[in-house]
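Input: a single structure, listed below in structure tokens.
Computed over heavy atoms, backbone and side chain alike; hydrogens, waters and symmetry mates excluded. Please read all numbers here as calculations on a predicted model, not as lab measurements.
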Amino acid sequence: MSTPVTDRPSVLFVCVHNAGRSQMAAAFLMHLAGKAVEVRSAGSAPAETVNPAVVEAMSESGIDISAETPKILTVEAVRASDVVITMGCGDTCPVFPGKTYLDWKVDDPAGHGVDAVRPIRDEIEDRVRGLLADLGVKPRG
């Protein structure tokens, strides 16, 4: 991984609608890292709302994302991030030298109920915990 520009690393999670995978990843990273990591999420074609099954699955993990809203991916968000993690958004993310880019192949929860979202949630939590280790950040709790 590249060296962070600031004293704390900045991570951007990107998926197409910013209504599921990237919202879960950002929420887990904020929950586990606290203020040790700056966290952003965005979508290349944001939905109007976060997927209700995703909100429910995250609530089961003790994380409330019901107030979150999908955000549009901007060049500024990518430029301000040390690590950019894409999840199914293809080539829509701008690429800048010196950034670390990772592509997480994670199933899309869109159109699925909470039973199908739970394993996706759990996989994302595992990946976020691995990311924290790579960043040298100890999870809270």
Is there a donor-acceptor contact under 3.5 Å from the side chain of Arg21 to the main chain of Met87?
yes
For Asn18, the side chain to side chain donor-acceptor pair (under 3.5 Å) test, sequence neighbours excluded, returns Ser22, Gln23, Ser41
Give every donor-acceptor pair under 3.5 Å between a side-chain atom in residues 48-59 and any protein atom, sequence neighbours left out.
unit_1, atom_1, unit_2, atom_2, d
Asn51, OD1, Ala53, N, 2.8
Asn51, ND2, Pro109, O, 3.3

Leu135 and Val83, any side-chain heavy atoms less than 4.5 Å apart
yes
Calculate, to the nearest 0.5 Å, the distance between atoms CD and CD1 belonging to Glu68 and Ile63 respectively.
11.0 Å
Do Trp104 and Leu29 belong together in a cluster built from hydrophobic side chains that touch within less than 4.5 Å?
yes
Sub-4.5 Å side-chain heavy-atom contact between Pro70 and His17:
no
Check whether Lys105 reaches the backbone of Asp103 with its side chain - one donor and one acceptor, N or O, closer than 3.5 Å.
no
Nearest 0.5 Å please: distance from the CZ atom of Arg140 over to the NZ atom of Lys35.
9.0 Å
Straight-line distance of Ile65 CD1 to Met24 CE, nearest 0.5 Å:
7.5 Å
Could you list the residues that satisfy side chain to side chain donor-acceptor pair (under 3.5 Å) with Glu123, not counting sequence neighbours?
Arg127
Using the rule that two of Ile, Leu, Val, Met, Phe, Trp, Tyr join whenever any of their side-chain heavy atoms come within less than 4.5 Å, decide whether Leu132 and Met30 are in one cluster.
yes
ILVMFWY cluster, Ile85 and Val137 together (side-chain gap under 4.5 Å):
yes
Can you name the residues that form a side chain to side chain contact (heavy atoms under 4.5 Å, CB included) with Ser61, not counting sequence neighbours?
Phe28, Arg121
Would you check if Phe13 and Leu131 make a side-chain contact, meaning some heavy-atom pair closer than 4.5 Å?
yes
Ignoring hydrogens, what is the shortest heavy-atom contact between Ala25 and Val128? Give both atom names and the distance.
O-CG2, 3.8 Å
Who pairs with Asp108 by side chain to side chain donor-acceptor pair (under 3.5 Å), at least two apart in sequence or on another chain?
none
Please report the shortest heavy-atom distance between Gly43 and Pro46, naming the atom on each side.
O-CD, 3.6 Å
Show me, pair by pair, the donor-acceptor contacts under 3.5 angstrom made by side chains of residues 74-81, not counting sequence neighbours?
unit_1, atom_1, unit_2, atom_2, d
Thr74, OG1, Ala77, N, 3.0
Ser81, OG, Arg40, NH1, 3.3
Ser81, OG, Ala77, O, 2.7

